[in-house]
Each structure stands twice: as structure tokens, then as C-alpha cells.
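For the numbers below, each heavy atom of this structure counts, side chains included, while hydrogens, waters and symmetry mates do not.
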Amino acid sequence: MKLFMMIPVILFCCLFPLALAADGLQVGFYSTSCGKAESIVEKVVQKRFSQDNSITAALLRMHFHDCFVRGCDASLLIDPTNETVSEKKDGANASVRGFDLIDEIKEAVEAACPSTVSCADIIALATRDAVALSGGPKYSVPTGRRDGLVSNIADVELPGPTISIPEVSKFFAAKGIEKEEMVALLGAHSVGVSHCGFFADRLGGKPDPTMDPALAAKLIILCKSNPDAAVFLDQNTSSLMDNEYYKQLLLKRGIMDIDQQLSLDISTSPFVSAFASDSEKFMQRFGMSMVKMGEVGVLVGKEGEIRKNCRVFNNGTA
């Protein structure tokens, strides 16, 4: 597992003008070709969320892991074959889940509008809807992405939980994501979890001075009894997409080192403080940053394809 792991008041609503969308993307792209597309996605996500609200964290992680490898082209969804080992088999993606939900949405959309709505757009729309159901912002997603034609495990390079702030900032910057946007996007950890093995180095030997002693004592007991135990990254409102995550960081209650370092590094700490003190600002920045991230490396126009099955390229290969 790498950096991105992982209900019902909309606290902030912001609509983004089409001018902000990447070339070829626009809000309401399917309004004439498949007018029901977004409502179909929303209905299926609502049903799953009512059964399992952790689907929000799962979709956020899927969206991040897809966009930060080859761009937002649904290459993460491709199943491996005997000939090709796809992105899905990389260790960083081993615990990514929610693929069955994407399949369910795709089946429903295909029944209404065959070969029209891309898997890449389904991921972006489903994530948006799950975020709103978790109490986060309801942001408008420009659509028109097409699905990629390549999925290769060798392309997967994602930052781990012990990476430094300068290193992770460079990683995001390479995707066109600025530092404040990065800090906002890491707010996805408000509904995420990590496992003991990914922060165990903060619990052994000398006490980590950057972790609240009471939290450290609790985690030591938990992880000693179950080394693979899952721990909420937000210890207070773990099922809500809100700004409590940042408040916890200011109290030295970050679980992973990368989270806690956000509040300590001089280049990111002002954003942590700002989001901790202003919920509306966090909601706005998170929505805008999700839209920007969703435009990374997109395929549009006649590039790529519109898959009929999100797990397989249309030619039947991987």
C-alpha cells in the first residue's frame, strides 16, 4: 500500500466554469449523447454507499492511483492476462478496491447508452458522488475522457507513506498539482485507513516526538496484538469528509509520517492551519483540486477508446 489509502450534508457547493476544464473536457459532456449517464452513476453509488460508507475512501484511492500513473484513463481497471501484467498487479494497488462497483455502473450505463460513456469518466463521477455522500463538497466534474490502451505494471510509480514533503511535493508538481492543492488532496485521508505496518517505524524504539504520546500508546497496544490492524487516519470523524483531519495534525495525531509532516514542514504547514480553521475553504480547495487532478493526462477526442468492459481493452487484450 502506498500513499493514497483509504455521510450526508453538502457543506460547500462550487460549480466550475468550462474554461477551467482541460481541452476536450466539459461539464455536461454527455447531455445529448447519454443524458441519464450522471444520474445512473449517482444512483448506483448511493445504493453502495448505503451498504458500505467506506466506498468513498476506496473510490478516492482508485481515482488517485489511476490518474497518477498514466493519467486519468482507467488503465488501473484492466485485468492482467497471461501475456501482460497490468497496473492492477503492482503492490501499490494490491488493496485498491471498488472495481466491482465500477463494473456495476458500467453495466447500467451500457444498457442505457452503449459504447458512449468511458470508464475513466465513471471513476471521476462515482468518486465525486461518494465524496458528497460523505459530507464533502459537491463539485462539478468536466467529462469527455476516453479510456487508455495501455496498462503495464512497469509504469506504476507512486509515493510511499514515509516519503519526505519535498519529495512528495516534487511528485505532485510533475503532474501540475501545486502545493496547496496537494495538501487539499491529502485531505482525502479524512475518510481513509492505514495498516500498522505502514507506520510501525513511528512506534518502535524511542518515542516519536511528532506523535501525541496518548495516541502512540494506543497504537502500540493495537499493533502489537494485530500487526495488520487497520487504523483510521482521522481519529475523530473517520466517516466524514471534513477538515477534522487537519485539526488532528495540529494536535500531533497524524497516523502516517507523511500526514504529520504536512503540519511541520514550513512549506505546507500554513495550508494545514488554514484548512483546520476554515472548513469552507478546505471544501472549496478540495473540490477544485479534485477537478484539476481529474484532468491529468486525459485522453480526449479520438484518442484511446470507450471500453465496453472496463476490465478489458475492446480488442480483448491487456
Side-chain angles (χ1 to χ4, degrees), residues 1-14 45 49 52-65 67-68 95-98 126-139 159 161 165 168 172 177 179-195 198-199 211-212 215 219 230-264 268-269 271-294:
M1 186 186 303
K2 298 287 181 77
L3 179 59
F4 301 114
M5 287 157 283
M6 307 271 48
I7 173 203
V9 178
I10 297 173
L11 300 178
F12 188 90
C13 178
C14 49
V45 172
F49 182 86
D52 175 15
N53 63 19
S54 72
I55 194 63
T56 301
L59 288 172
L60 281 165
R61 187 160 185 252
M62 178 189 291
H63 197 16
F64 289 159
H65 280 223
C67 290
F68 280 104
S95 59
V96 174
R97 60 187 180 86
T127 303
R128 175 200 66 183
D129 294 338
V131 165
L133 288 167
S134 296
K138 186 172 178 58
Y139 51 93
I165 296 299
V168 75
F172 274 84
I177 306 295
K179 201 156 291 187
E180 182 182 22
E181 295 166 334
M182 177 190 79
V183 177
L185 287 172
L186 287 173
H189 287 177
S190 175
V191 291
V193 301
S194 182
H195 293 263
F198 295 97
F199 54 85
M211 180 180 283
D212 169 49
L215 175 61
L219 295 178
V231 176
F232 288 115
L233 296 173
D234 174 356
Q235 290 283 295
N236 197 22
T237 56
S238 55
S239 62
L240 286 171
M241 174 61 69
D242 58 16
N243 69 333
E244 184 63 31
Y245 161 78
Y246 301 101
K247 296 179 182 179
Q248 293 287 299
L249 298 185
L250 294 179
L251 296 174
K252 296 186 176 182
R253 294 178 61 80
I255 302 299
M256 294 193 299
D257 187 58
I258 182 62
D259 291 323
Q260 193 58 61
Q261 290 304 316
L262 288 176
S263 70
L264 301 174
T268 53
S269 58
F271 302 125
V272 172
S273 297
F275 293 154
S277 63
D278 190 336
S279 175
E280 185 172 293
K281 182 173 185 177
F282 163 62
M283 293 292 179
Q284 181 186 31
R285 293 294 189 275
F286 182 78
M288 293 177 69
S289 299
M290 285 293 291
V291 170
K292 186 172 182 179
M293 184 198 75

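The minimum heavy-atom distance linking I255 with M211 is given by the pair O-CE, 3.9 Å. Contact detail for A130 and T56: the closest heavy-atom pair is O-OG1, 3.1 Å. Taking both residues in full, the closest heavy atoms of C67 and G294 are given as SG-CA, 4.3 Å, listed atom of the first, atom of the second, then distance. Between L249 and D259, the closest heavy-atom pair is CD1-O, 3.4 Å. Nearest approach of H189 to Y245, heavy atoms of both residues: CB-CE1, 3.6 Å. In terms of heavy atoms, A188 sits closest to F64 at CB-CE1, 3.6 Å.
Separation of atoms CD1 (I55) and CZ (F49) is listed at 10.0 Å; rounding is to 0.5 Å. Of the inter-residue distances, the one linking L262 atom CG with L186 atom CG reads 5.5 Å to the nearest 0.5 angstrom. Taken to the nearest 0.5 Å, the OG atom of S289 stands 7.0 Å off from the CD atom of E180. Summarising the geometry, atom CZ belonging to R285 is positioned 10.5 Å from atom CD belonging to E280; distances are rounded to the nearest 0.5 Å. Atom CZ in R128 sits 10.5 Å away from atom NE2 in H63 (nearest 0.5 Å). Note that CG of L60 is 6.0 Å distant from OG1 of T127, once rounded to the nearest 0.5 Å.
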Apply side chain to side chain contact (heavy atoms under 4.5 Å, CB included) to S190 and D242, showing your working.
-> CA-CA 7 Å; S190 175; D242 58 16; 3.4 Å; yes

Is there a side chain to side chain contact (heavy atoms under 4.5 Å, CB included) between L233 and V193 once you walk through the steps?
-> CA-CA 5 Å; L233 296 173; V193 301; 5.5 Å; no

Intermediate values then yes/no, side chain to side chain contact (heavy atoms under 4.5 Å, CB included), S273 and L250 | CA-CA 7 Å; S273 297; L250 294 179; 4.0 Å; yes

With side chain to side chain contact (heavy atoms under 4.5 Å, CB included) as the test, would you mind laying out the steps for F286 and M283 before giving the verdict?
-> CA-CA 5 Å; F286 182 78; M283 293 292 179; 5.9 Å; no

Would S263 and Q260 count as a side chain to side chain donor-acceptor pair (under 3.5 Å) if you check the C-alpha gap in whole Å, the side-chain angles of each, and the deciding distance to 0.1 Å?
-> CA-CA 6 Å; S263 70; Q260 193 58 61; 2.9 Å; yes

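Salt bridge status for R97 with D52: present, with a side-chain N to carboxylate O gap under 4.0 Å. Using a cut-off of 4.0 Å between Lys/Arg side-chain N and Asp/Glu carboxylate O, E181 and K292 are scored as salt-bridged.
Within 6.0 Å of the CZ atom in F271, the count of heavy atoms belonging to other residues, nucleotides or ligands exceeds 12.
With a 4.5 Å cut-off on side-chain heavy atoms, L240 and V191 do not count as touching. Taking 4.5 Å as the limit, every side-chain heavy atom of D212 sits out of range of all side-chain heavy atoms of L251. Put simply, the side chain of H195 does not reach to within 4.5 Å of the side chain of V231, judged on heavy atoms. The closest side-chain heavy-atom distance from R253 to N236 is not below 4.5 Å. Looking only at side-chain heavy atoms (C-beta outward), L219 and F199 come within less than 4.5 Å of each other. K281 is not listed as a side-chain neighbour of N243, based on a closest heavy-atom distance of 4.5 Å or more. Residues P137 and V131 form a side-chain contact, since some pair of their non-hydrogen atoms from C-beta on lies under 4.5 Å apart. Counting heavy atoms from C-beta on, the side chains of L59 and D129 never come closer than 4.5 Å.
Ring pair F68/F172: centre-to-centre distance below 6.0 Å.
Side chain of Y139 to main chain of M290: no donor-acceptor pair is present (N/O by atom type, distance under 3.5 Å, no hydrogens or angles). The backbone N or O of M241 lies less than 3.5 Å from no partner atom in the side chain of S134, so there is not a single donor-acceptor pair.
Under the 3.5 Å distance criterion, with hydrogens and angles disregarded, no donor-acceptor pair is assigned to the side chains of D234 and Q248.
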